[in-house]
Amino acid sequence: MKTDKSIPIIVGVTAHRAIREQDRAAIAASVRKELKKLQELCPHSELVMLTSLAEGGDLLCADAAEELGIPVLAALPMPLERFEKDFSAEARERLHHHCGRAEQVFVAPPTEAVPQDGPSRDFLFRQAGIYVSAHSHVLLALWDGGPGTEAACGTAEAVDFALSGNYLPASGTAVRTETNEAVIHVYTPRRGRQAEPAGTVHILGCVDAVKEILRRSDEFNRLSAETNVEGSARLPTTENGPILGRMERVGKAAGRLSAVNAKRLRLTLGLLAIASAMVAFAFLMYDEAQATWMILVCGLMLLGAWLCQRYAARSDCHRRYIEYRALAECLRVQTYLRYAGSRIEASELLSWTQQEETAWIMDALCALNAGEAPKTTHDIRSCWVDAQRDYHHRAGIRSDHGLQVSGRIVRSALIFSITLYFAAVVFELVCGGLIFTPLVRIGNVELCRTILKIVMGTITAVTLFVANYYGRLSLPRSLSDHQKMERFYARMAERLSRQGQTEELLRVLAREELIENGNWSSYQRDNTPDLNL
């Protein structure tokens, strides 16, 4: 295991059973080669194999995973004592061996609505195939490439689940498309016609998009390994099992990384705003006061602004601030859902925009939620609803304070500008001869005019600083969002008191919070660090 605060890279397995004996060595070699490629592509991440351990290709892949030290999550279609009945003696022994070394062995929960007459064997195999496809970054398919021929969920159907999301969840929406999951197709012929050599590999789906998902996930894991996540726990109890524990640690790491990058972003925005104001002031001094050396100051400010932008680009602080905050918020929602004993998956509640813009976060939610369903129900009112209402109340106060400071500076600059304007008019009327002969003659009228111009220009530069810095913080929108969410959580607290902790209410809580997080991410993307003159 790389670290317990990292996002696992889940490799799902779908395979048919009828593997020819003469093809086993070639197919196994291709599976090992592809797994090694993924390990090299994600050196800071833990590869985990998610498989139903069915006889045939599933067990072959599990053997390869054991050789490479890759842990296994066993998502069985039905309880082991029932599942193993169709296995040969040798395959049953291998099944028990891999169940013994698996990190978790569990029955895959149904994704689709259970038929009224009860789940058939075919239905259970289909649900296992959906579960494996839906919770994987990459699906390893040992398949002949032909259409589905099995009565239950075959390999062709599982590939379709991964690339098209062609299943009907009982709630939410299918999240899988070819842009957020790739299929490694290892050609595995059946008896009969052979189209190409066994073990030939094809990659299905949008390869570049999936590689970017894996790169972003591995980047987070690299940074997460260097992050301290010690501190107060988000959940009231600590005995919450490995899945909840890992979710909480990854969420805290994401929150810390977002905060670090927020500081970098605000520092960059502040320096760019100062540079913008100083460029305007230096050029004014160069032009009006004939201070020739100010042209050098102007150049230095422009150079400093360019270096700030380069720093922002190299550190990628803007994107990381937004995306790591989005990951932390999404994981918090999923953590509370699981803590409440709900099987609702936050990934299925994300908007289409969120799925498209931050597909790696959606995949992280699916990967971290892979495993046995929650077994204990906890009350989430105090840790989720009340805590979030208090958070938005405090955050709203901070946003309001920043907005008031910004407003006071702008109003002061406006009042000062108007005062200077009238002072300039009076000066020109009395001393400058604007309309009639000057009433008061002073020695150097042009010097006074220059000073007035410089002072008025300085006020303009200060206003420019305020607009550049505070404008990038989106304080009015942030304040409005915090006020709305504070009212929302107050309303949810009332509903919890009246109706109790129902699945419907949990879904509303999760959906609204995810929407608010998506809206925040959307308008923050426009606040890129740049120099406005």
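Starting from 1, each residue takes its place in the sequence as its number.
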**Asked** Charged N to carboxylate O below 4.0 Å: is that the case for Arg319 and Glu219?
**Response** yes
**Item:** Side chain proximity check, Val11 to His137, heavy atoms < 4.5 angstrom
**Value:** no
**Request:** Taking only Lys NZ, Arg NE, NH1 and NH2, and the carboxylate oxygens of Asp or Glu, determine whether Glu329 and Arg332 approach each other closer than 4.0 Å.
**Result:** yes
**Asked** Under 6.0 Å from the NZ atom of Lys484, do we count more than 12 heavy atoms belonging to anything else shown?
**Response** yes
**Message:** Counting only heavy atoms not in Glu226 (residues, nucleotides, ligands), do more than 12 fall under 6.0 Å from its CD?
**Reply:** yes
**Message:** Between Arg389 and Asp386, does any NZ, NE, NH1 or NH2 come within less than 4.0 Å of an OD or OE carboxylate oxygen?
**Reply:** yes
**Prompt:** Counting only heavy atoms not in Arg498, do more than 12 sit closer than 6.0 Å to its CZ atom?
**Reply:** yes
**Single hit among Tyr167, Phe125, Phe106 for ring pair (Phe, Tyr, Trp, His ring centres under 6.0 Å) with Tyr131** = Phe106
**Message:** Quick check on His401: does its NE2 atom have over 12 non-hydrogen neighbours (other residues, nucleotides or ligands) under 6.0 Å away?
**Reply:** no
**Request:** With the side chain counted from C-beta on, respond yes when Leu76 and Ser52 share a heavy-atom pair under 4.5 Å apart, and no when they do not.
**Result:** no
**Message:** Salt bridge check, Glu112 against Arg126: does any charged N sit closer than 4.0 Å to a carboxylate O?
**Reply:** yes
**Asked** Can Glu46 and Arg246 be counted as an ion pair, charged N to O under 4.0 angstrom?
**Response** yes
**Prompt:** Are Glu181 and Arg176 within salt-bridge range, i.e. N to O under 4.0 Å?
**Reply:** yes
**Asked** For Arg491, does the CZ atom have more than 12 heavy-atom neighbours from other residues, nucleotides or ligands under 6.0 Å away?
**Response** no
**Prompt:** In terms of ring plane angle, is the pair Trp384 and Tyr336 parallel, tilted or perpendicular, where the classes change at 30° and 60°?
**Reply:** parallel
